[in-house]
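To start, the structure itself, in C-alpha cells.
The structure presented is a predicted model; accordingly, all values stated were derived computationally and were not measured. The figures here come from the full heavy-atom set of this structure, side chains too, leaving out hydrogens, waters and symmetry mates. In each ligand, atom 1 is the first atom listed, and ligand 1 is the first ligand listed.
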Amino acid sequence: MKKIAPSILSADFARLGSEIAAVETAGADLIHVDVMDGRFVPNLTIGPPIIRSVRKTTKLPLDVHLMIERPERSLDQYIDAGSDIITVHAEASIHLHRVVQAIRESGCKAGVSLNPSTPLSALDCIIDDIDLLLVMTVNPGFGGQAFIDAMLPKIARAREFIDRRRPSVVLEVDGGVNVDNIAAIAGAGADVLVAGSAVFHSDDYGKTINLMRRRLDSMPR
Ligand code: DX5
Ligand code: ZN
C-alpha cells in the first residue's frame with residue numbers, strides 16, 4: 001500500500017499544530033519533518049524542540065529527514081524528541097554505518113537518503129542495515145522546486161536494487177511530487193511519496209490527498 005507523507009516544510013509554521021491536524025484528518029499516512037542546518041543545505045528549519053511538540057499533536061508516525069552535517073553529533077536529541085523514522089544523508093556522514101546502527105538500536109527505523117547526484121552504489125554496502133531508502137528528486141534545501149525528471153529512472157533502479165537485495169526496505173521519494181506526477185513516480189516503484197507544497201499550498205488538503213490517493217490506487221503494484 002502506497003503512502004502519502006505531507007512535508008510540514010510548506011505548512012504555516014505559526015499554525016503548525018492545526019496544519020498537522022488538518023493533514024491528519026485529510027488522510028496523511030506519515031508526517032514528514034525536514035530538518036535543515038544551514039550547512040549541509042543552504043536553509044535552516046526546525047530542530048528537536050519543535051519535533052517534541054509536534055509529537056504531542058499527532059498519532060501519525062514522524063518521518064524525520066535530517067539534512068544536517070555529521071548527524072551523529074545530535075542524533076540522540078532527534079531520537080528523544082519522538083521520531084519514528086530517522087533518515088540521514090549518505091553524503092553527510094563519514095561513518096554512515098555507525099549512525100544507522102545507532103538509529104536502529106534506539107528503536108527507530110533507519111533511513112538513508114541520496115542527493116540527486118549520488119549514485120545508488122553508495123548504498124551497496126549498507127542496504128542490509130537500513131529500513132528505508134529516500135531518493136531525493138530535487139536538490140535538498142527548499143520546498144516548491146520542480147521534480148528532476150532524470151530521477152525517474154533512478155527510482156526504478158532503486159526499486160530493482162531493493163527487490164534484489166533487501167525487499168523489506170521502503171522506497172521513499174521526496175521533492176517536487178504533485179498530483180500530476182505522483183502516478184508516474186509510484187509506477188517507477190516508490191512506496192512513500194513525500195509532498196510538501198502540493199499539499200500545503202493547495203486550497204483543500206483533503207481533496208488534494210484524496211486525488212493523490214486515487215492516482216496511487218490506479219497503479220498496478
Ligand atoms: C526538500 C525537502 C522536501 C520538501 C519537499 O529539501 O526534503 O521534503 O519539503 O517539498 P515539495 O514537495 O514542495 O518539493
Ligand atoms: Zn524531506
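- In terms of protein heavy-atom proximity, atom 5 (C) of ligand 1 is closest to D174 OD1, 3.5 Å.
- Hydrophobic clustering (side-chain heavy atoms under 4.5 Å, transitive across Ile, Leu, Val, Met, Phe, Trp, Tyr) groups I79 together with I46.
- Atom numbering of ligand 1 starts at 1 in the shown order; those under 4.0 Å from a heavy atom of H65 are 7 (O).
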Test log, rule side chain to side chain contact (heavy atoms under 4.5 Å, CB included), inputs V35 and I51
CA-CA 9 Å; V35 176; I51 297 174; 4.0 Å; yes
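- In terms of polar-atom proximity, G175 is not counted as a contact of ligand 1, lacking any N or O under 3.5 Å from an N or O of the ligand.
- The protein non-hydrogen atom at the shortest distance from atom 12 (O) of ligand 1 is G196 N, 2.8 Å.
- Grouping the Ile, Leu, Val, Met, Phe, Trp and Tyr side chains by contacts below 4.5 angstrom, directly or via other members, places I126 with L66.
- Backbone and side-chain nitrogen or oxygen atoms of S197 are examined, and one is located within less than 3.5 angstrom of a nitrogen or oxygen of ligand 1.
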List the steps and the verdict of side chain to side chain contact (heavy atoms under 4.5 Å, CB included) for D63 and D84.
CA-CA 6 Å; D63 173 32; D84 295 286; over 6 Å; no
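- For ligand 1, the atoms sitting less than 4.0 Å from at least one non-hydrogen atom of M36 are 6 (O), numbered in the order shown with element in parentheses.
- Angle subtended at the Zn ion (ligand 2) by D34 OD1 and D174 OD2: 170°, rounded to 10 degrees.
- In this structure, P116 and I148 have side chains that are in contact, with non-hydrogen atoms separated by less than 4.5 Å.
- The protein atom (non-hydrogen) at minimum distance from atom 14 (O) of ligand 1 is G176 N, 2.8 Å.
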Test salt bridge (Lys or Arg N to Asp or Glu O under 4.0 Å) applied to R213 and D217, step by step:
CA-CA 6 Å; R213 180 98 49 210; D217 287 346; 5.8 Å; no
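- In terms of polar-atom proximity, defined here as any N/O pair under 3.5 Å, A195 makes no such contact with ligand 1.
- When only non-hydrogen protein atoms are considered, atom 4 (C) of ligand 1 lies nearest to D34 OD2, 3.7 Å.
- At the top of the distance list for atom 6 (O) of ligand 1, counting protein heavy atoms only, stands G141 N, 2.8 Å.
- Looking at ligand 1, you'll find an N or O of G144 within less than 3.5 Å of one of its N or O atoms.
- Contact atoms of ligand 1 toward G143: 10 (O), 13 (O) (distance under 4.0 Å to a heavy atom of the residue).
- Residue V192 is tested with D174, L30, L171 for a side-chain contact (heavy atoms from CB on, under 4.5 Å); the sole match is L30.
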Checking salt bridge (Lys or Arg N to Asp or Glu O under 4.0 Å) for the pair R52/D80: CA distance, chi angles, key distance, verdict?
CA-CA 8 Å; R52 195 178 294 279; D80 294 345; 5.4 Å; no
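- At the Zn ion (ligand 2), the angle from ND1 in H65 to NE2 in H32 is 100° when rounded to 10°.
- More than 12 heavy atoms of other residues, nucleotides or ligands lie within 6.0 Å of CZ in R165, so this atom counts as buried by the packing criterion.
- Here the side chains of K2 and I182 are not in contact, with every heavy-atom distance at 4.5 Å or above.
- Of the protein's non-hydrogen atoms, the one nearest atom 1 (C) of ligand 1 is F142 O, 3.6 Å.
- Under a 4.0 Å criterion applied to the non-hydrogen atoms of H32, ligand 1 contributes the atoms 8 (O).
- No single ILVMFWY cluster, assembled from side-chain heavy atoms under 4.5 Å apart, contains both V194 and L62.
- Listed by atom number, the atoms of ligand 1 under 4.0 Å from P140 heavy atoms are 6 (O).
- In this structure, M67 counts as a contact residue of ligand 1, since one of its heavy atoms falls inside 4.0 Å of the ligand.
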